[in-house]
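First the structure, in the form of structure tokens, and then the observations on it.
All values derive from a computational prediction rather than experimental measurement. Start at 1 and go down the list; that is how both ligands and their atoms are numbered. Nothing fancy with the numbering, it's 1 onward along the sequence.
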Amino acid sequence: MWTGIIQHYRDFLPVSNKTPIVTLQEGNTPLLLSKSLSQRVGLEVYLKYEGLNPTGSFKDRGMTMAISKALEKGARCVMCASTGNTSASAAAYAAASGALKCIVLVPEGSIALGKLAQALIHQAKVIAIKGNFDDALTLVKTITQKYPVELVNSINPFRIEGQKTASFEVCDRLGDAPEYHAIPVGNAGNITAYWQGYQEYHNSGRAKRLPKMLGFQASGAAPIVRGKVVSEPETIATAIRIGNPASWKKALQARDESKGLIDEVTDQEILEAYKRLAGDSGVFVEPASAASVAGILKLHTQGYFQNKRGRIVCTLTGHGLKDPHIAVENIEKPVSLPPDMDVILKAIGF
Ligand SMILES: *Cc1c(COP(=O)(O)O)cnc(C)c1O
């Protein structure tokens, strides 16, 4: 029986018998072979569908660790800045702990409605600030340094520890690490975590290979690609709308040590991949998640995978139902007809 990532991978995690484990049985997410993407790219393409975690994003892997460790330490309250999913996850795990209060700072107007609903229904104290994510994180860092509140953003090392278990799952399923791992990059915690996970599995002898890490930022929020802070990041992919990533240096390290790359994809490329994933692979993700697939499609067009062999794993970071209005804006609206058999049959084309 699956009882969450801490139980399953505890030998690789900084927990002891004294750590009270707060879990919603996160992890163990599907790794799906996409026929249509494999055909297109010419290598086997797998989708690590992290949208199927308890709160609908990979953030749960890190949050089970961060909340458990906060509780072990005797904390009463946790706090984070969020583009949405961190707040949803922190609020849910704080609720599950039965002991922790949760406060979240979000950029007003730029978080998806589903995520805001989650944080609120899980009883977090949500404060919207008239600023962006980077402003929110700066405030949270200062407040958590001065007051008895635990920071649960991904600069909390326990978050990275939990999130690295996704690479363990990939290796356990494939029997080794893939040749390539593609991933969206926002605050850059996740690319850092995956690379750490792959290295630890490699060092322990459980994987023979190390993948090339392929990170993708949205063009309007691509500070790492540009090599400078973006003061007003813009993209429809709100989860990666970040202009000054906290784990910037570690992302560069993951890129360079793995001989991979960090590139950008436009909102248009993100939307095309988003629709394609839903339409051709049956997988509904939020826009930010589609950046990994948009990225490998871009690299394919440039000939990057030509004459290459092996497997590509794309992390799909969050569920499509988080952000339904993006879907509704990008589809053809259903026709409305009278309840008449002939009219309906004609519309179907029978
Ligand atoms: C948090 C998040 C990201 C970005 O991850 P980082 O660790 O900040 O790089 C991407 N997609 C989704 C859906 C997220 O929730």
- Task: List the closest protein heavy-atom neighbour of atom 2 (C) of ligand 1: residue, atom name, distance to the nearest 0.1 Å.
- Result: Lys59 NZ, 2.5 Å
- Query: Salt bridge or not for Arg206 and Glu200, using N-O below 4.0 Å?
  - Reply: no
- Message: Looking only at side-chain N and O atoms, does Thr29 offer a donor or acceptor that is under 3.5 Å from a partner on Arg61?
- Response: yes
- Give the single entry among Ala290, Gly215, Ala193, Ala188 that approaches atom 6 (P) of ligand 1 most closely by any heavy atom. Ala188
- Yes or no on salt bridge (Lys or Arg N to Asp or Glu O under 4.0 Å) for Lys308 and Glu179, after CA distance, side-chain angles and deciding distance? CA-CA 9 Å; Lys308 301 273 173 49; Glu179 273 75 5; over 6 Å; no
- Message: A quick test of your reading: do over 12 heavy atoms of other residues, nucleotides or ligands sit less than 6.0 Å from CZ of Arg226?
- Response: yes
- Query: Which protein non-hydrogen atom lies closest to atom 5 (O) of ligand 1, naming both residue and atom, and how far is it?
  - Reply: Phe58 CZ, 3.5 Å
- Note on the structure: ring pair (Phe, Tyr, Trp, His ring centres under 6.0 Å) test vs Phe168 passes for just one of Tyr198, Tyr9, Tyr194, namely Tyr9
- For atom 7 (O) of ligand 1, state which one of Thr238, Ile242, Asn190, Val285 supplies the nearest heavy atom. Asn190
- Quick one: does Val328's side chain get under 4.5 Å of Lys333's, heavy atoms only? yes
- Task: Pull out every atom of ligand 1 sitting under 4.0 Å from any heavy atom of Val185, numbered as shown with elements.
- Result: 9 (O)
- Query: Looking at ligand 1, does Ser154 have a heavy atom less than 4.0 Å from it?
  - Reply: no
- Query: Is there a nitrogen or oxygen of Gly189 sitting under 3.5 Å from a nitrogen or oxygen of ligand 1?
  - Reply: yes
- Message: Just by distance, no angles: are the side chains of Gln163 and Asn190 close enough, under 3.5 Å, to form a donor-acceptor pair?
- Response: yes
- Item | Side chain, backbone, both or neither: Thr86 near ligand 1, heavy atoms under 4.0 Å | neither
- Modelled atom types, side-chain donor and acceptor of Gln199 and Lys164, under 3.5 Å: no
- Message: For ligand 1 and Ser289, I'd like to know whether there is a polar contact (N/O to N/O, distance under 3.5 Å).
- Response: no
- Task: Inspect the contact between Glu272 and Lys275 and indicate whether a charged nitrogen and a carboxylate oxygen are less than 4.0 angstrom apart.
- Result: no
- Note on the structure: The atoms of ligand 1 lying under 4.0 Å from a heavy atom of Asn187, numbered in the order shown, are 6 (P), 8 (O), 9 (O)
- Counting from 1 in the order shown, the ligand 1 atoms closer than 4.0 Å to a non-hydrogen atom of Gly186 are 4 (C), 6 (P), 8 (O), 9 (O)
- Item | Atoms in ligand 1 with a heavy atom of Glu286 nearer than 4.0 Å | 13 (C)
- Message: List ligand 1 atoms under 4.0 Å from Ala288, heavy atoms only on the residue side.
- Response: 11 (N)
- Interfacing atoms of ligand 1 (cut-off 4.0 Å, heavy-atom, Thr317): 10 (C), 11 (N), 12 (C), 13 (C)
